[in-house]
Amino acid sequence: MMEIQTQMSERAVELLCLPEDQPCLLLDVGCGSGLSGDYISEEGHHWIGIDISPAMLDVALDREVEGDLIRGDMGQGIPFRPGTFDGCISISALQWLCNADKKTHSPPRRLYRFFSTLYSSLARGARAVLQLYPENSEQLELVTAQAMRAGFTGGMVVDYPNSTKAKKFFLCLFAGVAGVLPKGLGEVAANQRASNQVSFTNQRSRFKNVRGKSVKKSKDWILEKKERRRRQGKEVRPDTKFSGRNRRPHF
């Protein structure tokens, strides 16, 4: 587990695209025992970690990590001044905001509170890379919709999308300045329908092929439906989306 945590931390820092030979101040959300912070320190950067668990923060203190530690609930917001950080990473924490652990918890509100305060705490042009384990595509839509509402642009980078074990989701967000979404590792061939990038802007959100399916009513979705009807022996006219409903096959 420690090795996997370190690998995901390395990947998250890589996706931040930080300037070379320039120490940066990073925020580690859900820092736990400070494993991600260790890698940040090794790369020559400074960091502040926030976590809700006092037990995990005690472990970080016992390990004498180099970063500063704060106890806090990310769903209540990031308690820092505007423009404080040059970047933010988070490993395996964001998905917990999709759950209502208390009656007073509203996942959309808590996500928006987190993203809006995170956006404010980042310097303009900075990135946030948040690795998460979504339970389904609905959670991905909820998370990205609230990030977009808070002002972020960016999207989901999916590493090794065709691997059950190695597949990883990284929400890559841009604060203030739209950037080019990085490519996921293990990119599939262009002629295959699966995609390892899901991008959105502050005008529109696109969730194509998050679970290997095309968005309903899109061009790909229409073509796939027409092909299914052809295999069923139903007539499909080339100048319509699909036709031949409830018709018998022609021989």
Side-chain angles (χ1 to χ4, degrees), residues 1-18 23-75 78 80 85-99 101 110-111 114-115 118 121-122 126-136 139-140 143-144 147 154-173 182-186 196-198:
M1 290 299 294
M2 293 178 62
E3 182 179 354
I4 295 175
Q5 174 89 8
T6 300
Q7 291 174 353
M8 292 190 294
S9 301
E10 293 177 3
R11 177 61 170 153
V13 173
E14 176 187 353
L15 291 171
L16 286 179
C17 294
L18 299 171
C24 296
L25 177 60
L26 305 182
L27 174 65
D28 182 5
V29 177
C31 63
S33 62
L35 292 177
S36 298
D38 288 344
Y39 178 74
I40 294 173
S41 298
E42 290 174 4
E43 291 296 297
H45 302 297
H46 310 289
W47 61 279
I48 297 175
I50 181 171
D51 200 284
I52 195 172
S53 171
M56 295 301 293
L57 293 175
D58 285 342
V59 174
L61 288 173
D62 291 340
R63 296 181 61 248
E64 297 183 348
V65 297
E66 295 185 19
D68 294 324
L69 304 171
I70 294 178
R71 183 185 176 190
D73 178 2
M74 59 191 292
I78 303 301
F80 293 97
F85 297 102
D86 302 307
C88 169
I89 69 168
S90 178
I91 306 299
S92 308
L94 184 59
Q95 68 271 5
W96 298 112
L97 290 184
C98 296
N99 302 323
D101 297 328
R110 285 169 58 77
L111 281 164
F114 166 68
F115 283 123
L118 175 62
S121 70
L122 291 173
R127 297 186 182 191
V129 177
L130 316 172
Q131 183 273 330
L132 70 156
Y133 290 106
E135 292 183 359
N136 47 51
Q139 282 194 356
L140 285 177
V143 168
T144 50
M156 197 71 67
V157 175
V158 186
D159 285 352
Y160 307 107
N162 296 323
S163 172
T164 302
K165 293 184 178 180
K167 186 176 184 178
K168 295 292 185 296
F169 290 86
F170 292 87
L171 182 60
C172 187
L173 303 174
K183 293 183 178 181
L185 300 178
N196 63 342
Q197 289 182 319
V198 183

**Prompt:** With side chains defined as the heavy atoms from C-beta onward, is the minimum distance between L130 and F115 less than 4.5 Å?
**Reply:** yes
**Asked** For the side chain of R127 and the backbone of L15, is there at least one donor-acceptor N/O pair under 3.5 Å apart?
**Response** yes
**Request:** Could you tell me whether a side-chain N or O of Q95 sits under 3.5 Å from a main-chain N or O of P134, the two making a donor and an acceptor?
**Result:** no
**Prompt:** Can you check whether L35 reaches D38 side chain to side chain, under 4.5 Å on heavy atoms?
**Reply:** yes
**Fill in**
Taking every heavy atom of I40 against every heavy atom of I89, the minimum-distance pair comes out as CD1-CD1, 3.8 Å
**Message:** Using 0.5 Å steps for rounding, measure from the NZ atom of K168 to the OG atom of S163.
**Reply:** 7.5 Å
**Request:** Could you tell me whether the side chain of D86 and the main chain of L26 form a donor-acceptor pair under 3.5 Å?
**Result:** no
**Prompt:** Considering only heavy atoms from C-beta outward, does the side chain of V158 approach that of K167 to under 4.5 Å?
**Reply:** yes
**Request:** State whether the side chain of H45 and the backbone N or O of C24 hold a donor-acceptor pair below 3.5 Å, judged by distance alone.
**Result:** yes
**Asked** How long is the span from the OG1 atom in T144 to the CG atom in L173, to the nearest 0.5 Å?
**Response** 9.5 Å
**Prompt:** Near R63 CZ, under 6.0 Å, is it more than 12 heavy atoms from other residues, nucleotides or ligands?
**Reply:** yes
**Request:** Could you give me the CA-CA distance, side-chain angles and deciding distance for N99 and Q139, then say whether side-chain contact (heavy atoms from CB on, under 4.5 Å) is met?
**Result:** CA-CA 10 Å; N99 302 323; Q139 282 194 356; 4.1 Å; yes
**Pair D51-L69, side-chain contact (heavy atoms from CB on, under 4.5 Å): steps then yes or no** = CA-CA 8 Å; D51 200 284; L69 304 171; over 6 Å; no
**Asked** So, does D159 use its side chain to make a donor-acceptor pair with the main chain of L185 at under 3.5 Å?
**Response** yes
**Request:** I would like to know whether S33 and V65 meet side-chain contact (heavy atoms from CB on, under 4.5 Å); could you show each step before the answer?
**Result:** CA-CA 9 Å; S33 62; V65 297; over 6 Å; no
**Prompt:** Can you check whether M8 reaches S92 side chain to side chain, under 4.5 Å on heavy atoms?
**Reply:** yes
**Request:** Take L94 and L111 through the side-chain contact (heavy atoms from CB on, under 4.5 Å) test and state the conclusion after the steps.
**Result:** CA-CA 9 Å; L94 184 59; L111 281 164; 4.0 Å; yes
**Item:** Considering all heavy atoms, the nearest R11-F170 contact
**Value:** CG-CZ, 3.5 Å
**Asked** Any side-chain heavy-atom pair from Q7 and E3 closer than 4.5 angstrom?
**Response** yes
**Asked** When you look at CD of E66, are more than 12 heavy atoms from neighbouring residues, nucleotides or ligands closer to it than 6.0 Å?
**Response** no
